[in-house]
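The structure appears right after this line, and notes come after that.
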Amino acid sequence: TTADEYGAWTYAFTADELAALPQDAESISATQDDGVNDPVTESIAVTIDTLAPTLSSLTANGTVISGEVTGEAGAVSVRLTLTNANDKSVTRVVDVADAGNDGAWAYALSSSDVRTLGQGELEVSVQLGDARGNRSEAQTQTLGVDTTPPVLLAPVLVADSDTGVVGDGVTNASTAE
């Protein structure tokens with residue numbers, strides 16, 4: 001790299017050069033040599049982090065989606081995209097304050113989500129991101145949403161157990177059916 005007339009210069013690492021650097025703390029040095037004076041070297045400390053957090057588990061059960069993040073010491077954003085059979089979708093973000101702690105996170109579908117997407121199967125797509133902009137590949141899971149309670153039928157007294165007036169639903173039998 002060549003400096004301008006004031007000695008200022010910049011260097012942008014290529015993706016291959018950046019990938020070749022080891023992760024974590026490093027020192028990067030630059031040497032200036034004008035061919036006349038002794039070369040001058042300066043170093044700066046940098047942190048190399050090109051690795052995305054990892055989704056080590058993903059579970060969809062009922063109306064709750066949960067998982068666990070590994071491979072990250074700081075805050076992680078969990079981006080959930082829920083899509084129904086008609087390609088209608090909602091996106092929600094869950095912030096994991098300290099993924100290095102235990103990395104557990106969960107999201108319960110809200111009543112608004114259910115109203116928007118309806119009942120049935122949803123495709124859940126999960127992507128993780130860290131504070132440095134590293135993004136994981138999306139993982140998907142299917143979630144069956146059924147918030148309709150079962151229909152409770154009124155009990156019916158079997159005619160053989162009806163000891164009073166037949167059809168009045170009153171009995172004095174201790175083992176009514």
Side-chain angles (χ1 to χ4, degrees), residues 1-2 4 8-30 42-155:
T1 299
T2 304
D4 66 15
W9 58 274
T10 60
Y11 182 81
F13 287 95
T14 67
D16 289 340
E17 289 170 329
L18 193 57
L21 293 173
Q23 297 293 304
D24 296 322
E26 286 294 317
S27 176
I28 295 179
S29 300
E42 290 290 329
S43 298
I44 60 170
V46 297
T47 300
I48 307 296
D49 180 2
T50 60
L51 301 176
T54 303
L55 184 62
S56 59
S57 70
L58 176 61
T59 305
N61 188 3
T63 57
V64 177
I65 303 153
S66 61
E68 190 172 318
V69 177
T70 58
E72 190 67 32
V76 171
S77 291
V78 179
R79 180 184 172 98
L80 302 163
T81 302
L82 311 164
T83 307
N84 68 14
N86 298 321
D87 288 330
K88 191 166 193 174
S89 65
V90 295
T91 299
R92 301 291 183 251
V93 175
V94 176
D95 290 319
V96 181
D98 187 4
N101 204 3
D102 72 358
W105 59 270
Y107 178 76
L109 268 65
S110 67
S111 57
S112 173
D113 294 336
V114 175
R115 277 193 306 275
T116 301
L117 299 170
Q119 306 281 330
E121 286 198 351
L122 300 178
E123 180 183 274
V124 179
S125 175
V126 178
Q127 184 180 39
L128 307 176
D130 65 17
R132 287 153 305 283
N134 299 313
R135 301 280 177 255
S136 71
E137 293 293 322
Q139 290 187 30
T140 60
Q141 180 88 308
T142 300
L143 174 65
V145 176
D146 180 4
T147 60
T148 305
V151 176
L152 180 61
L153 301 175

Point to revise | Worked check of side chain to side chain contact (heavy atoms under 4.5 Å, CB included) between Phe13 and Ile48 | key: CA-CA 12 Å; Phe13 287 95; Ile48 307 296; over 6 Å; no
Listing, residues 54-68 side-chain donor-acceptor contacts under 3.5 Å, not counting sequence neighbours, or none:
unit_1, atom_1, unit_2, atom_2, d
Ser56, OG, Glu68, O, 3.1
Ser57, OG, Glu68, N, 3.3

Check your understanding: Hey, are Asp113 and Thr116 close enough side-chain-wise for a donor-acceptor pair under 3.5 Å?
Key -> no
Check your understanding: Which residues satisfy the side-chain hydrogen bond (donor to acceptor under 3.5 Å, both in side chains) test with Glu17, sequence neighbours excluded?
Key -> Tyr11, Thr14
Practice item. Report yes if the side chains of Tyr107 and Val78 come closer than 4.5 Å at any heavy-atom pair, otherwise no. Key: no
Review point. At what distance, to the nearest 0.5 angstrom, does OG1 of Thr83 lie from CG of Leu143?
Key: 11.5 Å
Check your understanding: Can you find a pair of side-chain heavy atoms, one from Thr140 and one from Val124, that are under 4.5 Å apart?
Key -> no
Point to revise | Leu80 side, atom CG; Leu122 side, atom CG - distance, nearest 0.5 Å | key: 11.5 Å
Exercise for review: Give a yes or no on whether the backbone of Val76 and the side-chain of Asp130 come within a donor-acceptor separation of less than 3.5 Å.
Suggested key: no
Practice item. Kindly say whether Leu18 contributes a backbone atom to a donor-acceptor pair with the side chain of Asp16 at under 3.5 angstrom? Key: no
Exercise for review: Would you tell me whether Ser125 and Thr81 have side-chain atoms, one donor and one acceptor, within less than 3.5 Å of each other?
Suggested key: no
Review point. Can you name the residues that form a side-chain contact (heavy atoms from CB on, under 4.5 Å) with Val93, not counting sequence neighbours?
Key: Ser77, Asp95
**Study point:** Test side-chain contact (heavy atoms from CB on, under 4.5 Å) applied to Thr142 - qualifying residues, sequence neighbours left out
**Key:** Glu121
Check your understanding: Hey, is CD on Gln23 packed in by over 12 heavy atoms from elsewhere, all under 6.0 Å?
Key -> yes
Revision key, fill the gap. Those residues at least two apart in sequence (or on a different chain) that pass side-chain contact (heavy atoms from CB on, under 4.5 Å) with Arg135 are Gln127
Study note, to complete from the structure: Nearest heavy-atom contact between Ser43 and Ser29 is OG-OG, 2.6 Å
Point to revise | Glu26-Thr47 side chain donor-acceptor pair, cut-off 3.5 Å | key: no
Review point. What residues, two or more places apart in sequence or in another chain, satisfy side-chain contact (heavy atoms from CB on, under 4.5 Å) together with Thr10?
Key: none
Check your understanding: Do any N or O atoms from the side chain of Asn84 and from the backbone of Asn86 form a donor-acceptor pair under 3.5 angstrom?
Key -> yes
Review point. Is any side-chain heavy atom of Val69 closer than 4.5 Å to a side-chain heavy atom of Trp105?
Key: yes
Practice item. Could you tell me the separation between the CD atom of Glu123 and the CD atom of Gln141, rounded to the nearest 0.5 Å? Key: 10.5 Å
**Study point:** Nearest-0.5 Å distance that lies between atom CG in Asn134 and atom OG1 in Thr50
**Key:** 6.5 Å
